[in-house]
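Here is the structure we will look at.
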Number of protein chains: 2
Amino acid sequence: MTKNRSGGGDPVRTLELLWRAAGTPEPPAGRRGPRQGLTVDAVVGAAVELADAEGLDALTMRALAQRLGVTPMTVYTYVPGKAELLDLMLDDAYGRMELTPFGPDEPWRDRVTRVARDNRALLVRHPWIPEMSVTRPPLGPGVIGKYEHELAAFEGIGLPDAERDTALTHLLGFVHSTARAAADAAELNSRQSDNDWWAEAGPLLARVIDAERYPLAGRVGEAAGAYNPDAVWAFGLQCVLEGLERWAERQADGAGRR
Amino acid sequence: MTKNRSGGGDPVRTLELLWRAAGTPEPPAGRRGPRQGLTVDAVVGAAVELADAEGLDALTMRALAQRLGVTPMTVYTYVPGKAELLDLMLDDAYGRMELTPFGPDEPWRDRVTRVARDNRALLVRHPWIPEMSVTRPPLGPGVIGKYEHELAAFEGIGLPDAERDTALTHLLGFVHSTARAAADAAELNSRQSDNDWWAEAGPLLARVIDAERYPLAGRVGEAAGAYNPDAVWAFGLQCVLEGLERWAERQADGAGRR
DNA sequence: CCACGACTCTGTACGACGTACAGAGTACAA
DNA sequence: TTGTACTCTGTACGTCGTACAGAGTCGTGG
């Protein structure tokens, strides 16, 4: 089974593919048999386009093959399986991010905010990424380049290396989480608008929910209204920045006392 | 398709099931046909047990039916489909949480921390929850009870209602996100230990990664080591608390100025 | 009292999925 | 020129959720 999980396939084979066998000890020399009609890049590109346009569920090996003008099994000539394909797609998407280097006098708050925003934009462009797991993805060129770039955003806060990784992981997890929630909410709405939902479910809920038993839920739920991704985003980013600042302060105190 | 998504089925039918048709205008009166051999609760309970023990992938309608001693299609007599079953499972799990009320003089930092911890424990007990989407789940008794209880944790910070919902959403999203990452990392490790992985992938990575091009990534990656869920957890919780405090301070300033 | 019909449970079957496998065709190497 | 490694294809298997038709079971209206 595929499980829409990054890192699902054989790690070494995946790595070779990710780096396109650059630096393999054995040079391929003359390959026998007919020339390949496609490339791994073409396959990955088509897969990304398909997933971008129609979602991860629509990305089936058959649909991908059709888009490539080829039979389903031919795809397996380029890619060992769907798990590895997903890894390649993720690294490809990461690799295409525009990683504008940080200026030396750019405040760290701005840098970290930019990292968050860039990642949010990435997940908007590729809505299938929040649908899959991306913890510790296979170390392809795109993944590593992105990691290197984003670590630089945390320069000058006074974070030790391990904590820097922790902070970045938390930040990306937060962006991922809100993007996923926003996508979920949008998909729910596309199937049935909030108004329709209330028209259908309202009477039953009113009959069944005891207002005296749930005073807070009723009041707050009404005030909050439909899921608001921007509000959660703003609050979460705020939290990360405050948390970092506190950490930096503690770090400075500790250094001063020493 | 199922999509392992809460809220996947027909909303009204799901709601009726969630509340077990309590307060339906038409009393069932005498039901014809043979008495049912199971109950919705039994089905949901077995499904939760199965998912707890063997993961969401192992929860198939056939496996569930077997566990219930019944043919696969019989399950559909109790539950319209798998999407609704997942909704019922989530509400059931939420409903079984021990929601110890907050003492009136319990500081809000302790209250919020407790909410986070309780949710973390829930996701450890039911590892299938982080695998599915839980944004705006169908409003069953368990979901609402949990929401009511957790909103109370944010009393006395000075947050307006809408912001209170935002803060709670963010907090739960963070807990969810770290639980998911931890589970993913654990599953990756179970398939291949970190040592094995380095033994296999190390040489290729060393050949392919230019240490001068990725100075930060190499250094920080090494310092961070394997994924450390506890570190990300601590940092994230810290961030939420700091963020809330700042918000409260701003709120107090605004009130004082007015 | 009895037959109708609503209801439960079952077996079979369909269409999707990822992909294993055997074969046909192709082009470089000996 | 022949062997062989390779590409591409068609068919097929096992999995999934679940539609559908039928058989059995019981409360109920005549």
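Residue numbers start from 1 in every chain, and the chains themselves are labelled A, B, ... in the order their sequence lines are given, proteins ahead of strands. We use all heavy atoms of the structure for the numbers below, so side chains are in, but hydrogens, waters and symmetry mates are not. Just so it is clear, the model here is predicted, and its values are computed rather than measured.
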- Query: Given C:dC28, is OP1 or OP2 found less than 4.0 Å from the side-chain N or O atoms of A:R35?
  - Reply: yes

- Query: What is the distance from CZ of B:R32 to C1' of C:dC4, rounded to the nearest Å?
  - Reply: 8 Å

- How close do B:L90 and B:W128 get, heavy atom to heavy atom, and via which atoms? N-CH2, 4.1 Å

- Message: Without decimals, in angstroms, what is the distance between A:Q36 CD and D:dC8 C1'?
- Response: 10 Å

- In whole angstrom, give the distance that lies between atom CE of B:M61 and atom C1' of D:dG17. 8 Å

- Carefully, step by step, assess A:E200 and B:L15 under the rule side chain to side chain contact (heavy atoms under 4.5 Å, CB included). CA-CA 10 Å; A:E200 274 200 57; B:L15 277 177; over 6 Å; no

- Message: Nearest whole Å is fine: how far is C:dG11 P from B:R62 CZ?
- Response: 13 Å

- Neighbours of DNA chain D within residues 64-78 of chain B, by heavy-atom distance under 4.0 Å: B:M73, B:Y76

- Task: Using a strict 4.0 Å threshold on nitrogen-to-oxygen distance, state whether B:D92 and B:R20 make a salt bridge.
- Result: no

- Rounded to whole Å, the CG-C1' distance (A:L56 to C:dC17) equals 14 Å

- Message: One pair to check against salt bridge (Lys or Arg N to Asp or Glu O under 4.0 Å): A:D230 and A:R120. What are the steps and the verdict?
- Response: CA-CA 11 Å; A:D230 291 338; A:R120 195 190 192 197; 2.9 Å; yes

- Item | Short N-O contact, A:D165 and A:R136, less than 4.0 angstrom | yes

- Side-chain contact test, heavy atoms from C-beta onward, threshold under 4.5 Å: evaluate it for B:V44 versus B:D91 and give yes or no. no

